[in-house]
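A short write-up of the structure that comes next.
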Number of protein chains: 2
Amino acid sequence: MANIKDIADLAEVSVATVSNVLNNRGRVGEETRQKILKIIEEIDYKPNRVAKSLKMNKTHTIGVIVEDLSVFNAPEIIDGINEFAEENDYSILLTNLRLYKKYGNQFPDVDTCREMVMPLFHQLLSNQVEGIIYIGIHLRNVNGLLPDSSTPVVYTYCDTSDESDISINYDDYKASFDATSYLINKGYQEVALISGLINSESAHARFNGYCNALMSNGLQFNPNYVKTGDWEYESGYKMAMDLLKGEQRPSAILAMNDLMAGGVIKAASELNIHVPDELAIFGFDNREVSSYYTPKLSTVSLPLHDMGEISIKTLIDVIDGKTIKTKKRKLLCELIERDSS
Amino acid sequence: MANIKDIADLAEVSVATVSNVLNNRGRVGEETRQKILKIIEEIDYKPNRVAKSLKMNKTHTIGVIVEDLSVFNAPEIIDGINEFAEENDYSILLTNLRLYKKYGNQFPDVDTCREMVMPLFHQLLSNQVEGIIYIGIHLRNVNGLLPDSSTPVVYTYCDTSDESDISINYDDYKASFDATSYLINKGYQEVALISGLINSESAHARFNGYCNALMSNGLQFNPNYVKTGDWEYESGYKMAMDLLKGEQRPSAILAMNDLMAGGVIKAASELNIHVPDELAIFGFDNREVSSYYTPKLSTVSLPLHDMGEISIKTLIDVIDGKTIKTKKRKLLCELIERDSS
DNA sequence: CTGAAAGCGCTTACAG
DNA sequence: CTGAAAGCGCTTACAG
């Protein structure tokens, strides 16, 4: 590969001058500039970023640690990161913990996670990334996972209990509140809820949103209308069977994710309950599968792309020394109305 | 950040010696080594890879260009790349063309694509990646997309017509042959096929596999049993309606992807045709959605993870100067038997 | 307007 | 066994 010295020799100028025209700085005579530009064009010269990074002590590179790239939320978030990075000429160094692949839903504790993260974290620091985005696959507290370091970190799809850490998430409470309100306003007064595992922060927030929406609409909370599943399709099916065969059959079921909502659809179908005439079903997450159920599932769309975009935008602000007013941001979700409600 | 000079000063040795113990080379007295190691440990020193890369003219970094990260095949392939990269201490620079997001299924021609790829390609070269993996989202000929350069490239989930280019793909023909044979051996003699758009190489290969499987099993090819859809759910539904309402109702339908197979399931359900007793349905791709249909869809699993792993493995072999015997590799798919067959 | 020189943090023959 | 010095490809005050 040609280097700046080669260009200088060909143009019969110094490397300083070549550097100046490459970076549009300093005064360079128009004739000299054109001559250099022509040569650069001719031999298709590409400046060596590694050398530049070393000299400038700036790599224009962001490290991404994703807990599992194969989980549905990760690609969209990274897509958002990529888009912004490309527009602003940042590069992305991607590392993947493969947590779900290794452990499934049985998350290891923070200490085990930390041991797995360590080598990736060090690799990124060695590569002199200017900041790190940590993408969780489950909303939870990952406090203490990453060691202290002067490299700024933004957490997304997870958070830490440290007030000074920056995180970008979505508003679970409001999404659940809105979905429940939507169902009520559509005329479904008996709204049941199929929750995910209750050790999850999401499940808490969504439960609260559900309850408050009932209250705001003057409806009574009915404990018989709340069932707890384990986020999987089968549990949605079972819980729906319980609900739909019970005495007070609900007219709508809000499931805390699209998988369990799929189980609800199956249960309704087997019981010959017409959706949405006799039963409205609402999911959560807007996973790809939700639009392939029959009927197509109404659901809550997560702002994944925006989470990625705002994560990197915020991170670059920190790198640039700006002060971040809101350390914990929660973006809004969107209701997607399809055929099940 | 501390540098090698700081370590040298603290240990009262030269930077050369520190470098030697860091890299386990040269003779260093045991005492000196321990002393240096201790200091490195204490101040948690991390060598600056950027400086090392510049000096060594080796970055240990691979560039990945993915046509669209959000399309179902990409994350698994990258997962395979990541796993191997981590084990072998390579870093991954990820860039994303976002082709599907921008154009959907209406792929732009190679010239348009090239213009989009150019900046990403140059960014990677500037960063001195040692090789590039190009991940397509559709099996097709991408000849001429990437400019000539001395940086080695491996194509996966796509190919070029240039015999000297390296590509890693899967064996569409054999997968289709096997799926068809499987259905026949299960006792389904009248196997229909719902094809994707015929301008696709995959569709051709899968069609040939289907035909040859019929022949090998002594069955006659029946043109009425072949319908052409557009890869989408709705087209699967329509084609299935045609087939199932026709005079000679098939006893099995092989759809060229899981989306169209979903449409087949819906059609069968509406016509009250029992799956799999009266009709077997087989899909292709093993997308997440396939295991959430009712009944769960039997399908062909693509070796995505392996494609990623073998892509980077092959690429690193090229970088290391080894000669690659097979330039065009096709990995085997696996049949996933679920409830629809 | 242009260039000589120092320096970013490493590695590596080479000398002692 | 250890160190001085050159050099990887850039940028940037500074001098002229």
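All figures in this text were calculated on a predicted structure; none of them were measured in a lab. So you know, we letter chains A, B, ... as the sequences are listed, proteins then strands, and number each from 1. Every heavy atom of this structure was used, including side-chain atoms; hydrogens, water molecules and symmetry mates were not.
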TODO: May I ask you to decide if D165(B)'s main-chain N or O and K328(B)'s side chain share a donor-acceptor pair within less than 3.5 Å?
DONE: yes
Task: Strand DNA chain D as a dot-bracket string - pairs counted if Watson-Crick or G-U with both distances under 3.5 Å, | where the partner lies in another strand - done: |||.||||||||.|||
Task: For E30(B), all residues meeting salt bridge (Lys or Arg N to Asp or Glu O under 4.0 Å), sequence neighbours excluded - done: none
Open item on the list: Base contacts versus sugar-phosphate-only contacts with protein, heavy atoms under 4.0 Å: please encode nucleotides 7-16 of chain C as B, S and - from 5' to 3'.
Closed with: BBBBBB----
Task: Backbone of Q128(A) reached by a side-chain donor or acceptor of T59(A) within 3.5 Å - done: yes
Task: Check: D6(A) side chain, N3(A) main-chain N or O, donor-acceptor pair, under 3.5 Å - done: yes
Open item on the list: Contact between I135(A) and V64(A) at the side-chain level, heavy atoms closer than 4.5 Å - yes or no?
Closed with: yes
Task: Between CZ on residue F121(B) and CG on residue L97(B), distance to nearest 0.5 Å - done: 12.5 Å
- [ ] State the CD-CG distance between E130(B) and L124(B), to the nearest 0.5 angstrom.
- [x] 13.0 Å
Open item on the list: When you measure from the side-chain N and O atoms of T32(A) to the phosphate of dC1(C), is any distance below 4.0 Å, counting only OP1 and OP2?
Closed with: no
Task: Aromatic plane relationship, Y157(A) with Y170(A) - under 30° parallel, 30 to 60° tilted, over 60° perpendicular - done: tilted
